[in-house]
Amino acid sequence: MKRSLRAEAIKLTTTRTTASIGLTLAGLTTAMIAVHMLGFPKTSLRLLAQQRSVMVDVGVNLGALFAALSGAIAMTSEFRYGTIRPTLLTEPDRRRAFVAKVITQAIIGIGIGLIAAAIAAGFGNVLLHSRGIATQLTLGDYAKYLAGTTAACALWSLIGVAIATINRKQAPVLVGLAIWILFVENLLRVGLPSIGKYTPMSLAQAISGQTINTLNNPLVAGALLAALAITISAAAQQLFTSRDIA
């Protein structure tokens with residue numbers, strides 16, 4: 001397992017993909033926080049629920065999206081460029097190779113969550129104060145937000161790896177994840193809130209403290225999202241170990 005983890009770490013540190021994902025995420029998070037914090041009226045932003053909602057929506061949505069895309073790219077690139085063959089020559093045990101990929105991508109997901117949450121909260125506060133608006137969130141709120149976002153992004157990275165293992169085609173997987181996270185889930189939350197609050201992104205937001213159109217129990221939401229990520233990952237691992245790599 002150590003050899004497989006070392007190989008995955010080398011892949012992550014010797015390519016530009018990881019750095020590009022982090023920089024793009026940072027730029028988009030900064031831009032979206034600015035749009036929301038400067039665009040909403042002051043009367044709305046003075047409310048605790050609205051401040052929390054903006055930070056969670058931006059940080060978790062973008063964090064989970066980039067975590068899922070990172071996991072998907074890490075797996076689909078192996079098949080797209082043929083590097084899966086030397087990977088499995090280095091580690092013939094496919095189960096260990098898959099687990100190593102999952103572990104390293106979960107760590108990347110945690111990093112992505114930290115970036116998104118830190119920028120959303122930090123820059124969001126700067127913009128609030130620039131408009132003369134007092135911050136209503138407490139240290140406990142920020143701690144929940146930071147911990148919840150990193151956990152949600154780690155789980156979404158597993159979902160990204162799993163989906164990419166099931167469907168090896170990079171473009172359809174990346175486009176499908178983006179459409180689902182940014183559009184489909186939003187439509188479900190607004191149009192069918194009784195169903196939408198149980199979707200993966202709604203669960204991710206609930207973990208981070210969102211209370212609008214989500215479950216109001218972060219622990220239950222976390223357990224449900226973890227169960228989904230583990231289930232789909234187990235199915236993907238079984239497929240990875242039994243299916244031909246060609």
Side-chain angles (χ1 to χ4, degrees), residues 5 8-9 12-13 17-30 32-33 36 51-74 99-125 135 137-163 177-178 181-182 185 199-212 214-233:
L5 291 172
E8 291 298 327
L12 293 174
T13 55
T17 303
T18 304
S20 297
I21 288 174
L23 290 173
T24 304
L25 170 65
L28 280 176
T29 304
T30 301
M32 292 306 298
I33 277 291
H36 285 76
Q51 291 181 7
R52 180 169 53 207
S53 177
V54 170
M55 291 183 187
V56 172
D57 275 348
V58 173
V60 177
N61 280 7
L62 289 178
L65 172 63
F66 276 79
L69 294 180
S70 175
I73 290 171
V99 171
K101 180 78 71 178
V102 165
I103 291 174
T104 53
Q105 285 305 308
I107 294 172
I108 292 296
I110 291 173
I112 287 173
L114 288 172
I115 292 172
I119 293 176
F123 189 49
N125 270 304
T135 303
L137 281 79
T138 65
L139 288 177
D141 292 324
Y142 285 119
K144 181 190 295 185
Y145 174 52
L146 187 64
T149 302
T150 55
C153 290
L155 292 172
W156 262 101
S157 69
L158 303 190
I159 294 173
V161 172
I163 291 176
L177 284 169
I181 291 174
L182 298 178
E185 290 221 17
T199 60
M201 268 309 305
S202 291
L203 296 176
Q205 290 195 357
I207 297 172
S208 303
Q210 180 65 280
T211 57
I212 301 175
T214 63
L215 291 176
N216 290 325
N217 191 321
L219 293 178
V220 173
L224 290 175
L225 186 59
L228 173 64
I230 292 171
T231 300
I232 192 173
S233 295

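In this text the structure is predicted, and so the values were computed from the model without any measurement.
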Shortest non-hydrogen contact between I33 and F123, atoms and distance: CG2-CD2, 3.8 Å
Please name all residues satisfying side-chain contact (heavy atoms from CB on, under 4.5 Å) with P200, sequence neighbours left out, ordered by chain then number. W156, W180, E185, L225, L228
Rounded to the nearest 0.5 Å, what's the gap from CG on L182 to CG on L177? Could you check? 10.0 Å
All side-chain contact (heavy atoms from CB on, under 4.5 Å) counterparts of A106, not counting sequence neighbours: S157, L158
T149 vs Y145, side-chain contact (heavy atoms from CB on, under 4.5 Å): CA-CA, chis, key distance, verdict: CA-CA 6 Å; T149 302; Y145 174 52; 3.4 Å; yes
Considering non-hydrogen atoms only, spot the tightest contact between G59 and A116 and give its length. O-CB, 3.4 Å
Quick test of your reading: applying salt bridge (Lys or Arg N to Asp or Glu O under 4.0 Å), list the pairs with at least one residue in residues 100-120, sequence neighbours left out, ordered by first then second residue. E8-K101, E78-K101
Name all residues meeting the side-chain hydrogen bond (donor to acceptor under 3.5 Å, both in side chains) criterion together with N125; count only those two or more places apart in sequence or in a different chain, and write none if there are none. T135, Y142
Please output the side-chain donor-acceptor pairs of residues 61-72 that fall under 3.5 Å, not counting sequence neighbours, one pair per line with the distance.
from, atom 1, to, atom 2, distance (Å)
N61, OD1, Q205, NE2, 2.7
N61, ND2, D57, O, 3.3
S70, OG, Q105, OE1, 3.1

Find the distance between CG (L137) and CE (M55) and round it off to the nearest 0.5 Å. 5.5 Å
Could you note down all residue pairs passing side-chain hydrogen bond (donor to acceptor under 3.5 Å, both in side chains) where residues 223-233 supplies at least one of them, sequence neighbours left out? none
Rounded distance (nearest 0.5 Å) linking atom CD1 of I108 with atom CD1 of I103: 13.0 Å
For A147, enumerate each residue passing the side-chain contact (heavy atoms from CB on, under 4.5 Å) test, keeping only those at least two apart in sequence or located in another chain. none
Mind checking the CG-OG1 spacing from L114 to T150? Nearest 0.5 Å is all I need. 5.5 Å
Of all residues at least two apart in sequence or in a different chain, which pass the side-chain contact (heavy atoms from CB on, under 4.5 Å) check with L224? Y198, L203, L215, V220
Do any side-chain atoms of residues 17-25 form donor-acceptor pairs under 3.5 angstrom with protein atoms, and if so which ones, sequence neighbours left out?
from, atom 1, to, atom 2, distance (Å)
T18, OG1, L12, O, 3.4
S20, OG, R16, O, 2.8
T24, OG1, S20, O, 2.8

Pair Q210-V60, side-chain contact (heavy atoms from CB on, under 4.5 Å): steps then yes or no: CA-CA 10 Å; Q210 180 65 280; V60 177; over 6 Å; no
In this structure, CG of L139 is separated from CG of L146 (nearest 0.5 Å) by 12.0 Å
